[in-house]
Amino acid sequence: MTALEASEEKRPPSASSATGGDDVAEDKPIVAAPPAQQGGLFSFLKIFVSAEPTWIDISLLITGCIAAAAAGIPFPLMGIIFGELVDNLNDATCAAGADSDTSPSTSSTGLVTNDPYAYEDNINQKVLQLVYIAIAALVAIYVYVLSWSLFSQRLAQRLRAKYVNSLLKQPPSFFDANNSGGGGEVSSRLQGDMTAVQAGTSEKVGVLIASTSFFIACYVVAFIKQAKLAGILVSLVPAFLLMAMSGGFFITKYMTLAGKGNAAASNIASEALQHVSVVQAFGMATRLEKVFAKHVAEARAAGTKKGVAAAVQAGMLYFIAYSANALAFWQGSRMVVDTMRGEGTETVGQIYTVVFLLVDACVCLGNIAPILPILGGASAAFQRLMRDINAPSSIDGTSESGLLLDVSSPGTLELHNVSFAYPSRPEQPVLRNVDLLIPAGKHTALVGLSGSGKSTIAALVARLQDPVSGKITIDGHDLTTLNVRSLRSFISLVQQEPSLLDRSILENIALGLINSPKPEHAHLKDILLNTTLLQDLAKSGRDIFSSPHQNPAVNEILALMKNAAEQADADSFISALENGYGTSAGPKGSLVSGGQRQRVALARALIRDPKILLLDEATSALDSTSERKIQAAVDRAAKERTVISIAHRLSTIRNADNIVVLEAGQVVEQGSYADLMERGGAFAKMAGLQSLGSLNAAAGAGEKETAVVVAEDVTAAGTDTSSVIDEKVPVTSSSSDPTPPPSEVPSGWGAVFKNLWLFIRPSLPWLFLALISAVLVGATFSGSGLIFGFTVGALNPCENSPEDILDLGEFFGGLLFMLACIELFANFFAWSSFGLIAERLLFSVRVLSFRSLMEQGVHWHQSAGRNPTNLLDILTKDSAAIQGFSGSTIGTVFSIIVNFIVAIILSHIVNWKIAIVCLSVVPILLGAGFMQLRMLARYEERHAASYSKATGVAVEAVQAIKTVAALSLEKEVSGSYARLLKHTRDEMVTAAAFTNIWLAISNSMSFLIYAFAYWWGSQKIMSGEANQTQFFIIVVSMLVSAQLWGQMFSLAPEFSRARLAFGRIMGVINLGQDKKIDSKRGGAPPKEGDEQKDKDVEADVEGKRVLDESGRPGVRIDFTGVSFSYPSRPEHKVLDGVSFTIQPGQFVGLVGPSGAGKSTIMSLVQRLYHPTAGTVALDGLDISSCGEAFRDSVALVPQDPALFDGSVKFNVGLGARPGHEATDEEIEAACRLASIHDVITAMPEGYNTECGASASRLSGGQRQRLAIARALVRKPRLLLLDESTSALDAASEAALQEGLDRVSQGTTVLAITHRLHTVKKADVIFVVEGGKIVDSGTHAELMERRESYRVNAMQQMLQ
């Protein structure tokens, strides 16, 4: 991304066109040198001084500008020499054509001779001057290309860091209010927009400056040489500027719209990839694809309009340039005639100089047409980035301002008349005038219905939010006057849905120390901030504690970590892992089960021994044994600190000093447990709903359960991904290295074009039109050379009479105007047709790659180093790369190749002796271009992983912004991000220096070709083997080809990026989904695919039979000798010989310690994985041989609700069976059953209320009930509940239980729970321990005979 993008910007390339459009960034807009929509030229210039440039950057900027301006001067100098050469060649032609007996002719230089060779010295001297100019041009081009390349890369590095840091300093409310925190959008900004800014500030700016310098110098020379003709041609300047500005405005406008569509699509994809198991369980891929496709279609529509705008702009620029040529030749012919008649002093050479320079200036301006969209893209992308970078932060956790709390401060908290509403719903207060005292050193518990404001109080205390009115104080200090980091150092927060970072468990726990206020921890922070040391330590796996580390501070960190893990009851399960504390937690902690995630988060909170411990449902995913142990640890810790716990399980707060009951954002009662029970108020009612009744229980089974916990299944999956710790082969924090598996290795050019053809085939008529137009565009370049040659010949006074010259001037001027009209229409049709094809291609590629990703099994998503971040890269970064090399870029490249071929053929027809020698320089041109391509591709491949990982760090931090803020990890995340890009920074100078040599050679070769052609051509003219008409046809055709060819290789970055990206995308699309792609393309699938199709049809029929044939209300489930091991650890059995039968319509509970294998049973029922041995059958049919249709009647309520950015109605509707759209009545009925209808209708927009990214605008309980409604709208015959009520209060749970009782009549229900009262009415309860079913029976039976079950129940008793 660095050197290469930089270089992507060479001469007026159509590179830009390439980008032209589309691409450098997937959502990047476009503007023109002339201003665009928002802020125009001024906002574009601001980019160069943004992000605090150093003296090195300023030096590069100044050097780049001076060198680029200098690079524009050689051409006008050459024009002067060419003019003199024309006169020499005219004279030589006349002399060569004259008979020896004819009287000697007087040349324009005053020579009187019939000997053509008399002009040789003169000509050779000028050719030598051309060579010197060419060398000067090479140096100037290289210096400016290198300066701008390095400048743009350094700017992008600084902007990246600034953007990431600006996001980290924002409070969570910023992302809620702006709805801009989706992982997809952050990825889109860091991949697409940064690439756009870099492309728009690299060599392309140098090209623009050089072109402007060239243009001005041309006019200066023209006015000196022939003021009258120059004055006539100055009229084209305003026409050019007007075209560039108006085109830039529309291009920017449509690019911005396309960017919005792509960012929205990226957000959907990001969420779908994070919750892929839920997507597959519900078969919601088609619905999500529809939403994804809708956003991509919006981008496609805007992109197509942008293509048309760019086409009009390009066509008009070329039309103006060629029309000016026509005018120049017509006027020039009249001036030559005036001279011949003695009425003027102009020579053909002077006129040629003016015409040649102004015409070339026009061509040069025409060539910058494709750059304008890139500069516009940079401007619009920069504005989007700056909007976030400059956004003021109401709560800046990185700021040094504010009072610092004294370390000995006791920690008494008070809420004074506090009210609060979320920014996205200001009209809906969450807290209303709350007054509350939380005394230091006491345990205060917050209870109440879901959505009553409990978690909001926790967020306000940790200052993740600020109250709308009122104030909160700690030891008398208003929180808003305190330094944010200092305040948060006193508080450790464990959230309801804790988020772990994608690093080792060791690093996750140790990060809790980073903001410790204790002086004894201060010396540990340097080690903690230098994550490389911790990463290396994590690689030791289980040997971490085997021998003391040579650094005593590291030993101290390990001791603190071990102690915290023991307090949180996490040490036993971590130590049993294959890599112990070195095991990776996975993205968002997805490689550990829900209960394990909570314990690691608790250890992270306890490691710094905080003054205030905030527990927000911190044990909701734990079994009673683990919960009891943690409760005991919290009770012990509560003696020395302030503890605020939020709980729905009232048994966990029995020992609290004060229990505060909240209802609708107000405190309704508070007191001790006994007091509140006596009063018989709201709390007593909640307690009554949770009571299991008086039971006589024996104590003393604790030892046995401890053994169970130690032996618990360490690879049990978290329900949100049904994944496992061991699933990634290297289990260190570096295990997410995105090396593509064999099926996704980028393919060569042959495969790329073959696949490309399959996508383009449906657009054949447009392709036909585009190719014809591009051929015309390519041919007109040589056509202009042909006319040019004849015109210069026609203007030779010694060959034509004045009348002939006038006639020929009008004739050839008319031909050039005809070419101008052809250019207008050909460019318009070529650019717009290729643009349309490109947008269709991009739409297909994006939608099909999204579809293919959604069709891959859960195991595929979690193996071979894949994770949601690097898979999202395929949809953002890779499709952006393809976009960069599509549309007008393809059209430009094709027309350049056509022109190259036409020029070679035409030149050989006209005069092969000159042409064949000119042709000898072609290998140099080709070699320089391909060398540049090769070096760029290597650089790109080397650093793709670094950029992907760095983006992953930023995306993860934004998705877990509450965790990052609460732990004050901003500096640590920022440091990690910078370290990942350090290697690319170090290589940047070397790569740019070498790569840009080839770029400079490609771009300056045309000067040397000119010199060489003039020397050789003059020799042939003097020997009479050629005339100047033939010579000029060849020199202009070959020269323009050489220039264009050099410019084409300025697209080298787009070439190499697009090839690699297309290979990766096709690797994903082709993963077993050929039939779908082919049917989408309209082509016949391969034979293999046909067989597959037939197989799938049969499988689908069979799949339907599984669930529909029996006619019974529920589904019968049979597990027969089922064993299961994850592929990465086949020797470790997660389930061992499990057999059971569940009859249709039964309500069955699965209970057991955290990680015993319960979620794995659930995953096997859904066929997210296949058993290692044994069979899983539904209604008597083995599901491993069925299609996916059996899932139509299965619904899942996962532990993590896994909701999507969209309305409430959309989220609930996702649960409907594939092929059936849920009606409003069905959605409402499901929400009533889930006990959330009243909450939804109380919202201002009702069922159309937006939930925000990952439903962040809803409370934990509301999210869970929405997930239940989503499952119920399916009217399933098999309902799977995985800890489905862990975030619910007692009243919501009771109402929900009632709804479930109604639904479950006639439905088979399989429920995992740690709350025994949820399943006490179950027909049968299976006790799962150590991967086996150790007992089964009803609640009453198990209470009598199963000691571990009875003790678990006793621990939850409230009376």
Does some side-chain heavy atom of [Y] sit less than 4.5 Å from a side-chain heavy atom of [X]?
X	Y	value
R334	L806	yes
F811	L815	yes
Y318	L824	no
T1029	I1033	yes
S211	L208	no
R300	L842	no
I904	F900	yes

Could you tell me how the ring of [X] sits relative to the ring of [Y]: parallel (under 30°), tilted (30 to 60°) or perpendicular (over 60°)?
X	Y	value
F790	F812	parallel
F825	F829	parallel
F250	Y254	parallel

Main-chain N/O of [Y] paired to [X] side chain as donor or acceptor, under 3.5 Å:
X	Y	result
S907	A915	no
Q331	A328	no
T780	V777	yes
S782	A779	no
W831	Q313	no

[atom2] on [Y] to [atom1] on [X], rounded to 0.5 Å:
X	Y	atom1	atom2	result
I251	K305	CD1	NZ	15.0 Å
L786	I1034	CG	CD1	11.0 Å
Y322	L819	OH	CG	6.5 Å
S1037	N899	OG	CG	7.5 Å
M316	I320	CE	CD1	4.5 Å
S801	L808	OG	CG	8.5 Å

(message) Can you confirm whether the side chains of S773 and N827 place a donor and an acceptor under 3.5 Å from each other?
(response) no
(message) Set out, in order, the CA-CA distance, both residues' side-chain angles and the distance that settles side chain to side chain contact (heavy atoms under 4.5 Å, CB included) for F1031 and N911, then state yes or no.
(response) CA-CA 8 Å; F1031 169 68; N911 190 313; over 6 Å; no
Closest approach of [X] and [Y], non-hydrogen atoms and distance?
X	Y	answer
A830	A774	CB-N, 3.9 Å
A69	I209	N-CG2, 3.8 Å
I141	A71	CG1-CB, 4.1 Å
A826	L776	CB-CB, 3.9 Å
A1026	I914	CB-CD1, 3.8 Å
P76	G72	CD-O, 3.1 Å

(request) Decide side-chain hydrogen bond (donor to acceptor under 3.5 Å, both in side chains) for E839 and T304; before the verdict, give the C-alpha distance in whole Å, the side-chain angles of both, and the deciding distance to 0.1 Å. (result) CA-CA 6 Å; E839 290 299 330; T304 306; 5.2 Å; no
(request) State which residues pass salt bridge (charged side-chain N to carboxylate O under 4.0 Å, His left out) with K1020; sequence neighbours excluded, sorted by chain then number. (result)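 If we apply the salt bridge (charged side-chain N to carboxylate O under 4.0 Å, His left out) test to K1020, skipping adjacent residues, the hits are E1025.
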Would you give me the side-chain donor-acceptor pairs under 3.5 Å for residues 764-772, sequence neighbours excluded?
none

